[in-house]
Amino acid sequence: MRSSLKWAAGWAAAAGLIAACGGGGGGGGSGPSVTIAKAGAANGDAQTAVVASVLPVLLRVIVLEDGAPKAGATVTWSTAALAGSVAPTSAVTDAAGEATTQWTLGQGAGAQIARAALASASGSPVTFNATGTPGPASAFTKSAGDGQTTVVSTAFTDPLSAKVADQFGNGIAGVTVTWAVQSGTVTLNGGTTSITNSQGIATKTVTAGATPGDAVVRATTTAVAGNLDFALTATLAPVGVSVGNFFFHSVKNATEDPAIDTAKVGQPVVWTVSSGTHTVRSLGSFPFTFTSSGNLTATSYQVIFSATGTYQYDCAIHTAIEMSGRVEVIP
């Protein structure tokens with residue numbers, strides 16, 4: 001019994017000694033503390049440069065081990081998607097614990113990101129930010145508004161839009177675009193110039209004149225050679241005819257069976273069905289004939305008259321006995 005007590009006491013003392021020495025087997029502790037961070041003020045973070053160019057200041061990190069510079073640590077460099085490239089992509093820290101790389105920005109304007117990583121190091125990865133700015137203006141293109149049609153004396157729905165961009169498509173802000181009417185009776189609203197916004201787009205609203213027809217508005221800029229011609233068309237407001245059980249009814253003058261309307265050459269006449277099933281068919285052959293395809297139910301049918309004359313029509317289902325109308329087309 002006495003010998004057993006002596007053995008237990010001895011083992012407890014030995015265990016205490018091992019614990020005080022940091023464990024057995026030569027190292028069960030946490031080991032050295034390794035950190036990675038941006039190196040000083042001139043570390044290459046937050047630079048601004050033209051897209052696809054090399055940043056003037058190298059990206060620089062420092063690696064410390066227990067607070068002292070660590071040489072020989074391998075730092076891996078990378079960039080986020082569309083953020084260009086770095087060279088080298090792997091660098092070993094020098095005697096000062098520092099590693100560097102050079103960053104070439106991507107082609108897209110705006111924020112870009114690069115990173116430095118060190119396995120098992122606190123602070124990894126280290127993120128570097130940069131801003132790419134557009135290059136010189138090299139492209140001038142239509143953005144929106146071409147080929148529109150509106151009723152006379154009303155504004156076209158979409159503003160005319162032209163974009164000024166660099167070779168990679170990045171819009172350039174602050175560029176003056178000049179607008180001019182080349183043909184037709186349209187009016188430019190708010191003057192003859194506009195300035196490109198942050199996306200490189202300049203806009204101009206246009207109002208159709210009182211005369212129907214085609215018009216062309218041209219955009220130019222001194223930043224890029226060439227012209228942009230926007231085609232526009234002004235039409236007369238349509239003449240409306242309401243169709244129901246059992247009538248053709250002039251929206252303009254309330255005549256009914258016959259509905260009697262006057263339209264100009266090039267002016268559309270629109271029959272809109274409000275109830276029942278009907279057709280619209282012309283009677284006679286002068287100057288030309290027209291017939292709606294199929295039966296019309298809760299829908300519309302349009303004819304644009306290209307020649308003067310008197311056009312009689314009825315409903316093929318209900319005939320002229322119940323439903324009829326007439327359009328006088330004048331120059």
Side-chain angles (χ1 to χ4, degrees), residues 144-160 181 183-187 189 205-217 229-331:
D146 192 25
Q148 292 184 84
T149 298
T150 194
V151 174
V152 293
S153 302
T154 63
F156 288 90
T157 302
D158 299 322
L160 309 187
V181 178
S183 62
T185 56
V186 296
T187 301
N189 303 322
T205 58
V206 181
T207 298
T211 303
D214 297 329
V216 174
V217 175
D229 285 343
F230 293 80
L232 302 170
T233 300
T235 62
L236 294 168
V239 173
V241 181
S242 176
V243 185
N245 284 337
F246 299 96
F247 60 83
F248 287 115
H249 178 91
S250 170
V251 174
K252 183 176 181 179
N253 58 38
T255 56
E256 186 173 300
D257 294 329
I260 302 173
D261 284 291
T262 301
K264 293 183 178 181
V265 171
Q267 186 171 19
V269 176
V270 178
W271 289 264
T272 302
V273 178
S274 59
S275 62
T277 301
H278 309 279
T279 67
V280 178
R281 68 174 179 180
S282 60
L283 303 174
S285 60
F286 176 82
F288 69 89
T289 62
F290 53 90
T291 303
S292 58
S293 58
N295 297 334
L296 304 177
T297 303
T299 187
S300 296
Y301 172 62
Q302 174 178 290
V303 174
I304 298 177
F305 292 88
S306 58
T308 60
T310 299
Y311 298 81
Q312 304 278 355
Y313 64 88
D314 71 355
C315 171
I317 299 174
H318 302 99
T319 74
I321 298 175
E322 293 185 276
M323 300 175 62
S324 66
R326 182 173 76 244
V327 179
E328 300 283 349
V329 180
I330 61 178

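Quantities reported herein were computed from a predicted structural model and do not represent experimental measurements.
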Engineer: Just how far is it from atom OG1 of Thr319 to atom CZ of Arg281, taken to the nearest 0.5 Å?
Structural biologist: 7.5 Å
Engineer: Do Phe288 and Ser306 pass the side-chain contact (heavy atoms from CB on, under 4.5 Å) test, and can you show the C-alpha distance, the side-chain angles, and the key distance before you say yes or no?
Structural biologist: CA-CA 9 Å; Phe288 69 89; Ser306 58; 4.1 Å; yes
Engineer: Short question: side chain of Ser292, backbone of Val280 - any donor-acceptor pair under 3.5 Å?
Structural biologist: yes
Engineer: Do Thr297 and Thr277 have a side chain donor and acceptor closer than 3.5 Å?
Structural biologist: yes
Engineer: Can any side-chain N or O of His278 pair as donor or acceptor with the backbone N or O of Gly244 at less than 3.5 Å?
Structural biologist: yes
Engineer: What closest approach, in Å, do Thr308 and Pro331 show between heavy atoms, and which atom pair accounts for it?
Structural biologist: CG2-N, 3.7 Å
Engineer: Quick one: are Thr310 and Arg326 in side-chain contact, heavy atoms under 4.5 Å?
Structural biologist: yes
Engineer: Find the distance between CZ (Phe290) and OH (Tyr313) and round it off to the nearest 0.5 Å.
Structural biologist: 7.5 Å
Engineer: So does Val327 get a backbone contact from the side chain of Asp261, meaning a donor-acceptor N/O pair under 3.5 Å?
Structural biologist: no
Engineer: List the steps and the verdict of side-chain contact (heavy atoms from CB on, under 4.5 Å) for His318 and Thr279.
Structural biologist: CA-CA 9 Å; His318 302 99; Thr279 67; over 6 Å; no
Engineer: Quick one: OG on Ser275 to CZ on Phe246, what's the gap to the nearest 0.5 Å?
Structural biologist: 8.5 Å
Engineer: Between the side chains of Asp214 and Thr233, is a donor N or O closer than 3.5 angstrom to an acceptor N or O?
Structural biologist: yes
Engineer: A side-chain contact here means heavy atoms from C-beta on lying under 4.5 Å apart; do Val239 and Lys252 qualify?
Structural biologist: no
Engineer: Which atom names give the shortest non-hydrogen contact between Leu296 and Tyr301, and what distance separates them?
Structural biologist: CD1-CB, 3.6 Å
Engineer: Backbone N or O of Val243 within a donor-acceptor pair of the Ser274 side chain at under 3.5 Å?
Structural biologist: yes
Engineer: Which of these, Thr185, Thr187, Asn189, sits in a side-chain hydrogen bond (donor to acceptor under 3.5 Å, both in side chains) with Thr207?
Structural biologist: Asn189
Engineer: Apply side-chain contact (heavy atoms from CB on, under 4.5 Å) to the pair Thr211 and Val152, showing each step before the final yes or no.
Structural biologist: CA-CA 6 Å; Thr211 303; Val152 293; over 6 Å; no
Engineer: Rounded to the nearest 0.5 Å, what separation is found between the OG1 atom of Thr150 and the CG atom of Leu232?
Structural biologist: 9.5 Å
Engineer: Give the C-alpha distance, both sets of side-chain angles, the deciding distance and a yes or no for side-chain contact (heavy atoms from CB on, under 4.5 Å) between Val217 and Val186.
Structural biologist: CA-CA 9 Å; Val217 175; Val186 296; 4.0 Å; yes
Engineer: Indicate the atoms forming the closest heavy-atom contact of Thr272 with Ser300, along with that distance.
Structural biologist: OG1-OG, 3.2 Å
Engineer: Looking at Leu236 and Lys264, what are the two nearest heavy atoms and their distance?
Structural biologist: CD1-CB, 3.7 Å
Engineer: Nearest 0.5 Å please: distance from the CZ atom of Phe248 over to the OG atom of Ser242.
Structural biologist: 10.0 Å
Engineer: How many angstroms lie between atom CD of Glu328 and atom CD1 of Ile260, to the nearest 0.5 angstrom?
Structural biologist: 8.0 Å
Engineer: Show the nearest heavy-atom pair for residues Gln302 and Pro268, with the distance to one decimal.
Structural biologist: CD-CB, 3.7 Å
Engineer: Can you tell me if Gln267 uses its side chain to pair, donor with acceptor, with the backbone of Phe305 under 3.5 Å?
Structural biologist: no
Engineer: Just so I know, are the side chains of Val269 and Trp271 near enough to count as touching, which here means a heavy-atom distance under 4.5 Å?
Structural biologist: yes
Engineer: Kindly give the heavy-atom pair with the smallest separation between Val270 and Pro238, and that separation in Å.
Structural biologist: CG2-CB, 3.8 Å
